[in-house]
Amino acid sequence: QAALAAEQRGWHLYLVGGGVRDLLLADTEKVINLQDVDLVVDGYHRAAQPGAGVELAKVLQQHYSGARLQIHGQFQTAALLWHKHPELGSLWVDIATARTEFYPYPAANPEVEASSIRQDLYRRDFTINALALRLTPPRIGEVLDFFGGILDLEAQLMRVLHANSFIEDPTRIYRAVRFAVRLGFRLEGQTEGYIRYAIASGVYDLSVAENNRAPALQTRLKNELKYILEAPYWKRAIQLLGNLDALKCIHSCLELTPELWKQLKLVDRCLRRFNPPGLCPPWQLLLEVMIAYLAPEYRYWVASGFQLPAESIERLKDLEAAKTTILSLLPTCESPSTMVNALQPYRFSTLILVMVQSPRVLRRKIWLYLWKLAQAKPILNGNDLKQLGYKPGRQFKVILDKLLEMTLDGELTDRASAEAFLQK
Ligand code: CTP
């Protein structure tokens, strides 16, 4: 429908970006289901007006009902989202008008002016993402490959389009790593050199320091980190980022030291063992571990720059105080019940952050609490007490707390011992 509407108006329409890459990588026997489609409109006989993408989006919205339409006027793009459409399923379609972006200063938002499809592709991140598939005549189905993307797909290489790419947009470093690990590709030598150069140049120290000026950049960086940390391959991606020294984009002091790597793996083990209600999402906890690895004075600043949820920002802000209290109390806890009393006031997420930074003996105690003691229940519950003739009221809690304490400390092992204690 969009192609037809574009053709009627004398425009060209292309599928671009990841969709073309994934189509070319897919097994030819398989039907691939694109859920995120990027389209670009380009003028052929006459220039596409700046609002061409928006106009086509409106045509699609009318044709396939139920779409939510967002228009990003400044960038002349439209986004359409269908949720469980009978024909389309759940589908996200971005339609842009072919454009050139130029960056007035490093790491700033791109500004836009109408231009041709080649220019549009040239502003993209990697050769394998800078391919376009023609959807309008003549030569429907032709792949436009101006920068050697098909050769790089075959050679399994992540190659950047121009030397300044990473200086303009640090999130591309994270994207390079994400695609390389996900697709099993290598970073092409010169591209790796550009990444290292961009990081060593310190340009991101500036963009992070001025995170008030570039909140959009921080959000995009956080989103890339989220993609990586949510993916099954996150460990390999973090190692590659560490190897490139790219954690510096989070904060100029952040490095993937053996200690930080150990902490991340510990959290991973912890998350595999248990996932109690109320624990923050795993990707966020991993990111918090990285932020918590920074000196206390930077944590709040980085977490709020990333616009993490308020609870997470608070946790990182107060982490040092919580850690000091916990690490001074724990050595004095000799019984399980005293450990429970000491650790109960803290959320699991806080305890995990403290645990990974604690010495071995205390780490084991927190692990025992998280894994076992926090889940313990008294041998008798409120109903049992009623049956034993106790009247509900304030004393219930006192009795249940005492029963829990004795259960934790192994003084009560079964119902009979609990009932015998109550009779005494
Ligand atoms: N793009 C870019 N620079 C960025 C982000 C995106 O050049 N910092 C371009 C790339 O051409 C990319 C396209 O925008 O292919 C769409 O971006 P996105 O949807 O984030 O990535 P996909 O390539 O579609 O990958 P994925 O499969 O992970 O969605």
Side-chain angles (χ1 to χ4, degrees), residues 14-26 32-40 42 53 70 72 75-81 90-103 106-112 115 117-133 143-150 152-153 158-185 191 194-195 198 204 207 214 216-234 237 246 249 283:
Y14 302 91
L15 174 69
V16 294
V20 186
R21 175 197 69 217
D22 292 346
L23 278 172
L24 291 173
L25 280 177
I32 88 155
N33 182 13
L34 295 179
Q35 290 188 321
D36 183 355
V37 173
D38 287 306
L39 301 174
V40 169
D42 184 22
Q70 290 167 8
H72 307 287
F75 299 110
Q76 308 157 17
T77 62
L80 281 164
L81 174 67
S90 290
L91 182 66
W92 180 286
V93 179
D94 276 306
I95 311 183
T97 309
R99 64 201 197 181
T100 313
E101 289 183 19
F102 55 90
Y103 294 81
N109 263 337
E111 289 179 15
V112 180
S115 177
I117 183 71
R118 191 180 190 284
Q119 285 296 313
D120 184 281
L121 295 172
Y122 185 61
R123 77 184 165 85
R124 290 171 185 268
D125 47 8
F126 307 106
T127 57
I128 63 164
N129 287 344
L131 296 161
L133 181 79
V143 175
L144 276 65
D145 177 13
F146 300 108
F147 314 106
I150 294 181
D152 285 336
L153 276 179
M158 296 301 305
R159 186 195 305 270
V160 83
L161 286 178
H162 44 89
N164 272 342
S165 194
F166 300 113
I167 303 266
E168 289 164 357
D169 183 353
T171 64
R172 288 182 169 171
I173 297 173
Y174 283 62
R175 290 172 63 84
V177 166
R178 174 158 71 87
F179 289 123
V181 176
R182 182 171 104 193
L183 304 173
F185 282 22
T191 300
Y194 292 145
I195 293 181
Y204 309 126
S207 57
L217 171 70
Q218 287 295 89
T219 307
R220 285 191 297 124
L221 196 57
K222 180 187 75 181
N223 289 341
E224 282 299 333
L225 267 163
K226 178 170 183 260
Y227 275 136
I228 288 175
L229 294 171
E230 273 178 339
Y233 51 75
W234 73 265
C249 301
W283 73 268

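Note: hydrogens, waters and symmetry copies are ignored here, and every other heavy atom, side chains too, is used. When a ligand or atom number is given, it counts from 1 through the structure's own listing order. Worth saying up front: this structure is predicted, and the values here are computed from it rather than measured.
Residue Asp38 approaches ligand 1 through these ligand atoms, each under 4.0 Å from one of its heavy atoms: 16 (C). Below 4.0 Å from some heavy atom of Gly17 lie the following atoms of ligand 1, by number and element: 15 (O). Here is the list of ligand 1 atoms found below 4.0 Å of a heavy atom in Arg178: 28 (O). Atoms of ligand 1 lying under 4.0 Å from any heavy atom of Asp36, numbered from 1 in the order shown and given with element: 19 (O), 29 (O). Distances below 4.0 Å separate heavy atoms of Phe179 from the following atoms of ligand 1: 23 (O), 25 (O), 28 (O).
Which of Pro170, Ala130, Gly18 comes nearest to atom 24 (O) of ligand 1 through a heavy atom is settled by distance: it is Gly18.
Ion pairing of Arg175 with Asp169 is absent here, as no side-chain N (NZ or NE/NH1/NH2) approaches a carboxylate O to less than 4.0 Å.
Considering backbone and side-chain atoms together, Gly19 places no N or O closer than 3.5 Å to any N or O of ligand 1. Checked against a 3.5 angstrom limit, the closest N/O atoms of Arg124 and ligand 1 fall inside it.
Here the side chain of Tyr174 pairs a donor or acceptor atom with the backbone of Ala246 at under 3.5 angstrom. Listed for the Thr127 side chain is no donor-acceptor partner under 3.5 Å among the backbone atoms of Phe147. Without hydrogens or angle criteria, Asp38 side chain to Gly17 main chain gives no donor-acceptor distance under 3.5 Å. Asp145 contributes a side-chain N or O that, together with a main-chain N or O of Ile150, makes up a donor-acceptor pair within less than 3.5 Å.
Under 4.0 angstrom from ligand 1, there are no non-hydrogen atoms of Glu168. In Thr171, the part holding a heavy atom less than 4.0 Å from any atom of ligand 1 is the side chain.
Nearest protein neighbour of atom 26 (P) of ligand 1, counting heavy atoms only, is Arg21 NH2, 3.9 Å. Remark: minimum distance from atom 8 (N) of ligand 1 to any protein heavy atom is reached at Asp169 OD2, 2.9 Å. The nearest heavy-atom contact from the protein to atom 21 (O) of ligand 1 is Arg175 NH2, 3.2 Å. Annotation: atom 7 (O) of ligand 1 to nearest protein heavy atom, Asp125 N, 2.7 Å.
Nearest heavy atom pair, residue Asp94 against residue Ala79, reads OD1-CB, 3.3 Å. Across all non-hydrogen atoms, the minimal contact from Ile173 to Phe166 is CG1-CD2, 3.5 Å.
Within a 6.0 Å sphere centred on OH of Tyr227, other residues, nucleotides and ligands contribute 12 heavy atoms or fewer.
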Could you give me the CA-CA distance, side-chain angles and deciding distance for Val177 and Ile195, then say whether side chain to side chain contact (heavy atoms under 4.5 Å, CB included) is met?
-> CA-CA 10 Å; Val177 166; Ile195 293 181; 5.7 Å; no

